[in-house]
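I have placed the structure first, in the form of structure tokens, so that the comments after it can refer back to it.
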Amino acid sequence: MMRCIAVDDEKWVLDLLVDNISRVPFLQLAGRCKNALEAIELLHREEVDLIFLDIQMPGLNGIQFVQSLQHPPMIVFVTAYKEHAWEGFELAAVDYLLKPVSFERFLKACNKAHELFRLQQKPVATKELPASFFVYVEYNQVKITIADILYIEGMKDYVKIFLTTGTKPVITKMSLKALEDKLLPYRLVRIHKSYIIAADKVTALKRDIICLGNIELPLSDSYRPAVEALLSLNK
């Protein structure tokens, strides 16, 4: 379960957020606040994993509130002002929702936060994980050593697995999603709809580019929070 709070100075919005939270099975409401100062007091009393946060509030606004926190929880901004979107993503917000927010869009943001939450949990002990797996390549089984994976590229029904030990990728018939689920415990992370990378092979992170040595791959905004969280765990 993820413990969350809702912060908004408009009562009807706050009521709607609380109702939406109650409909998501992996969320537990830890409190509701009508301004940032109430939220700060609540954070001193409660363990909170996620904040649904308005930006335009009297006194301390949502951006200033997050900047004031030394170790902020995950943030989903819920606001009527789209011009603050880039500031939100600069603060590594999980998502940025524009009012009025449909439940479907709200749930999508919750799912992104939950995926990030899973990544932040204590990893399974390495000794319990196999060091390799096999894939089919032209009717033969080829062994892939997980520590040698540099990055993986998805191509519809196939994936290319690029290894540090070879110049040519291993191509096998498999969806990128299926491989992502298999490799999640190994600190490999999705950065784009078409790419998965090994976090320990990253040499630089730019605004929308991840570098693996001299290889540059695109980073999508929707995957940025999970990527930054995983890279911080590998420092």
Side-chain angles (χ1 to χ4, degrees), residues 1-11 13-22 24 26-99 101 105-123 189 199 202 205-208 219-235:
M1 295 289 289
M2 295 172 57
R3 291 176 56 79
C4 64
I5 64 173
V7 186
D8 201 297
D9 62 325
E10 295 182 277
K11 184 179 183 302
V13 176
L14 197 54
D15 289 342
L16 180 60
L17 283 172
V18 169
D19 181 66
N20 283 346
I21 289 168
S22 71
V24 180
F26 52 79
L27 293 183
Q28 179 182 19
L29 183 68
R32 51 184 289 165
C33 308
K34 61 179 181 292
N35 57 55
L37 294 180
E38 285 188 4
I40 290 173
E41 291 182 6
L42 192 149
L43 289 176
H44 287 157
R45 303 192 309 267
E46 301 283 348
E47 291 290 333
V48 174
D49 303 305
L50 174 64
I51 303 177
F52 296 95
L53 180 63
D54 187 21
I55 291 181
Q56 293 293 350
M57 295 183 293
L60 198 67
N61 69 36
I63 298 291
Q64 294 166 334
F65 165 58
V66 176
Q67 291 172 334
S68 74
L69 300 176
Q70 186 173 4
H71 301 291
M74 291 181 288
I75 304 293
V76 172
F77 284 112
V78 186
T79 178
Y81 300 91
K82 64 181 179 181
E83 60 266 27
H84 294 292
W86 180 246
E87 289 178 275
F89 285 115
E90 283 287 288
L91 292 171
V94 174
D95 211 335
Y96 191 97
L97 307 181
L98 287 175
K99 302 174 184 177
V101 183
R105 182 65 182 87
F106 178 83
L107 183 59
K108 182 177 180 180
C110 293
N111 285 332
K112 289 169 64 176
H114 194 230
E115 180 67 19
L116 177 56
F117 180 72
R118 289 175 56 214
L119 284 171
Q120 291 175 334
Q121 301 311 295
K122 183 178 179 179
V189 62
V202 174
L205 174 60
K206 303 177 183 177
R207 177 173 174 178
D208 56 359
L219 171 61
S220 297
D221 282 340
S222 58
Y223 293 105
R224 177 179 288 274
V227 171
E228 291 179 341
L230 192 55
L231 292 182
S232 69
L233 292 175
N234 279 280
K235 288 180 180 179

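Just so it is clear, the model here is predicted, and its values are computed rather than measured.
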Could you tabulate the donor-acceptor pairs under 3.5 Å formed by side-chain atoms of residues 43-50, not counting sequence neighbours?
{"residue": "E46", "atom": "OE1", "partner": "R3", "partner atom": "NH2", "Å": "2.6"}
{"residue": "D49", "atom": "OD2", "partner": "R3", "partner atom": "N", "Å": "2.9"}

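- Residues forming a side-chain hydrogen bond (donor to acceptor under 3.5 Å, both in side chains) with Q64 (at least two apart in sequence, or on another chain): none.
- Applying the side chain to side chain contact (heavy atoms under 4.5 Å, CB included) rule to K108 yields the partners R105; only residues at least two apart in sequence or on another chain are considered.
- S220 is linked by a side chain to side chain contact (heavy atoms under 4.5 Å, CB included) to H192, S222, Y223, counting only residues two or more places apart in sequence or in another chain.
- Under the salt bridge (charged side-chain N to carboxylate O under 4.0 Å, His left out) criterion, the residue pairs touching residues 51-73 are D54-K99, with sequence neighbours excluded.
- A36 pairs by the side chain to side chain contact (heavy atoms under 4.5 Å, CB included) definition with M57, L60, F65, not counting sequence neighbours.
- Among residues two or more places apart in sequence or in another chain, the ring-ring contact (aromatic ring centres under 6.0 Å, His included) test is passed with F106 by F52.
- Applying the salt bridge (charged side-chain N to carboxylate O under 4.0 Å, His left out) test to residues at least two apart or on different chains, none of the pairs has a partner in residues 58-68.
- Here E115 pairs with R118 under the side-chain hydrogen bond (donor to acceptor under 3.5 Å, both in side chains) rule; sequence neighbours left out.
- Contact record, L42 with A30: CD1-O, 4.1 Å, taken as the closest heavy-atom pair.
- Applying the side chain to side chain contact (heavy atoms under 4.5 Å, CB included) test to D15 and every residue at least two apart in sequence or in another chain returns K11, R32.
- Applying the salt bridge (charged side-chain N to carboxylate O under 4.0 Å, His left out) rule to pairs touching residues 61-78 yields nothing, sequence neighbours excluded.
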